[in-house]
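Since this is a predicted model, take the numbers as computed values, not measurements. Order of the sequence lines sets the chain letters (A, B, ...), proteins ahead of strands, with each chain counted from 1.
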Amino acid sequence: MSGPESHWREALAQGRFLLQRNASGEAVFPPRVMAPGTGEGPLDWFEASGQGTVYSYSWIQRRPPEQSYNVAVIDLDEGARLMSRVEGVIEGELAIGQRVAAYVDRSAEQPIILFRLMEETA
Amino acid sequence: MSDAFPRGRTSIAGLATYGIGEAPGYTAMELTAKAGLMALDDAGLMLADVDALYICQPDDFFAGLTFAEYLGIHPRYTDNNRTGGSAFMSHVASAALALDAGYIDCALIAYGSNQRTAGGKLSTPMTSNRWDAPYKPLFPLTSYALATQRHMHEYGTTREHLASVALSARAWATTNPEAFARDPLTMDDCLSARMISTPISRADCCLVTDGAAAIVITRTDRARDLAKPPVPVLGAAAAAWWNSIVQAEDMTVTGAKESGARAMAMAGVTHADIGTAQLYDAFTINTILFLEDLGFCGKGEGGPFVASGAIAPGGSLPVNTNGGGLSYCHPGMYGLFTMIEGARQIRGEAANQLSGIDVALAHGNGGTLSSQATVILGSTATL
């Protein structure tokens, strides 16, 4: 037996981005043993589309030659929200409302979800 | 659902600050204990009178136990609520309920930190949660930057608006001898300050100081016989809406909307009754968000409201009359200092004393705009 967070991380390690949903189809993230607010459960798993919209962002400044990096909050189309980073953009190119798509970066020891701009707005 | 609260039946009987700014050579607990003893002395009470301790230290998860041991007393009740900088408002709420029920007789609420001279950085055991941490946000600064960016996007709030908050705070601080930052500050200084996590620059951030504070609360009938005029607690409410700001439904609306409305309903006061507001200004966006969420201006109108000079000396709503966390002091958790300035204004002993203050609002913030708690203080004329 293991909890939903462990299930989510095992899927991520295989390159899959999972979300949960409650009985009325609303997405739940981070993973939980029950639906927030109602306590219903267990929740169903489904594969996230990975598509979303930039809700807010910040560029964290570093002393040269280190480059600034962004922290972005992404609204997934399914309704859940998460913190991430949008890759492939420099300061000034990132804006609230831009469409982004997720990918799983497994290059580091811990896999993480990152985003890149979708072509229609890039 | 309305709140039951013993309106005015408990009062701040004593208060003190100690070591504001820099207190080299002192530990956090030494500063806390000094402030506690000074607050008791202010009330005309003895350490032996204290039977309940309320504390939240930056560096000690068992601070309630440490404080009891340090003071050498055996309290009947110890509350170590940790909702960040708003913890002390929650302490006031639970102390008022316990005092009114007769469960305790004398509550000492205290805080102290030596973060400036001990390390020069915010002293906190908290970090980003494991969902956010891989993306390396600055904790807690980037969370406030995300809220600021969203507020700018939705309402056209500008860096000049943010700077107006810092300039107002500095204007109050220049005439408060206890304030740590009293140098002249200009709009150009703010706009040219080093950017840290866009759109928050150094000028949008609170101070990193040492400092301690304490208040003593008793039932009001007892406080009337003590050394100083009682400052009755008219209402106190806390709201917990999230921990990580990523989980906020709307980053531009905080739980202050709930805590403020509930506290004001308990107190039976309207905005027109409130003579001064002491708002937890860890960052300049805080003041704007809380002015909106507490109902002093409409949502999205906070920027123009502060830019109009409304919260500065001579303005229609004096805010952070001690200089606030931006210019007076910020020893890591600031909530208790907002209540002390509110109580000083009601007593008539503030450095920047306003005339005829019978009701003061003190608002605390904890975590990343996560915990919001509001206390309404009055004079005995409001009972």
Side-chain angles (χ1 to χ4, degrees), chain A residues 5-6 8-9 12 19 26-32 36-37 52-64 66-76 79-87 90-98 102 104-115, chain B residues 127-157 159 162 192-205 240-254 283-285 289 367-370:
Chain A
E5 183 170 335
S6 166
W8 186 87
R9 293 194 185 282
L12 188 70
L19 292 173
E26 291 164 355
V28 172
F29 185 85
R32 289 170 168 84
T53 306
V54 176
Y55 177 81
S56 194
Y57 65 91
S58 177
W59 286 92
I60 293 163
Q61 309 296 307
R62 293 192 293 179
R63 292 184 201 286
E66 297 289 311
Q67 293 192 326
S68 61
Y69 62 92
N70 71 75
V71 165
V73 176
I74 309 297
D75 275 340
L76 295 171
R81 182 175 287 170
L82 77 163
M83 181 176 280
S84 187
R85 181 170 67 245
V86 179
E87 291 284 274
I90 58 169
E91 206 169 338
E93 291 179 349
L94 189 59
I96 288 174
Q98 280 173 330
V104 179
D105 177 11
R106 289 188 280 177
S107 61
E109 190 178 337
Q110 295 287 334
I112 59 171
I113 293 167
L114 297 174
F115 286 81
Chain B
T127 60
S128 298
N129 71 30
R130 59 191 177 278
W131 302 101
D132 301 348
Y135 306 105
K136 300 185 174 63
L138 304 179
F139 185 89
L141 194 152
T142 298
S143 298
Y144 290 84
L146 292 167
T148 306
Q149 187 71 259
R150 186 72 199 181
H151 201 275
M152 288 176 155
H153 173 77
E154 289 196 27
Y155 303 112
T157 305
R159 289 194 61 216
L162 300 175
S192 61
R194 179 172 61 86
M195 194 54 75
I196 299 174
S197 182
T198 62
I200 289 184
S201 77
R202 180 67 199 85
D204 297 305
C205 301
W241 281 13
W242 61 75
N243 189 359
S244 166
I245 193 153
V246 176
Q247 298 307 319
E249 191 176 328
D250 178 345
M251 280 188 193
T252 69
V253 181
T254 72
F283 299 94
T284 51
I285 191 66
L289 290 173
T368 51
L369 295 166
S370 323

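Here A:Ile113 is the residue among A:Asn70, A:Ile113, A:Ile74 with the most heavy-atom pairs under 4.5 Å with chain B. Between chain A and the residues B:Ser244, B:Ser197, B:Ala248, the most heavy-atom pairs under 4.5 angstrom are made by B:Ser197. Contact count versus chain A (heavy atoms, under 4.5 Å) is highest, among B:Ile245, B:Leu138, B:Ile200, for B:Leu138. Options A:Glu91, A:Arg62, A:Arg81, A:Gln110 differ in how many heavy-atom pairs under 4.5 Å they form with chain B, and the most are formed by A:Arg81. Interface summary for chain A: among B:Gln149, B:His153, B:Lys136, B:Arg150, the most heavy-atom pairs under 4.5 angstrom belong to B:Arg150. Residue with the most contacts toward chain A among B:Ala145, B:Ser128, B:Pro137, B:Pro199: B:Pro137 (heavy-atom pairs, distance under 4.5 Å).
B:Thr368 contributes a side-chain N or O that, together with a main-chain N or O of B:Asn243, makes up a donor-acceptor pair within less than 3.5 Å. Using a distance-only test at 3.5 Å, with no hydrogens or angles considered, no donor-acceptor pair links the side chain of A:Ser68 to the main chain of A:Gln61. When atom types are taken as modelled, the side chain of B:Asp204 and the backbone of B:Ser201 share a donor-acceptor pair closer than 3.5 angstrom.
Taking the six-membered ring for Trp and thresholds of 30 and 60 degrees, B:Trp131 and A:Phe29 have ring planes more than 60 degrees apart, a perpendicular arrangement.
Residue contact with chain A, scored on non-hydrogen atoms closer than 4.5 Å, involves the backbone of B:Ile196 exclusively.
In this structure, a donor-acceptor pair under 3.5 Å is present between the side chains of B:Thr157 and B:His151.
The OH atom of A:Tyr55 lies 5.5 Å from the CE atom of B:Met251; values are rounded to the nearest 0.5 Å.
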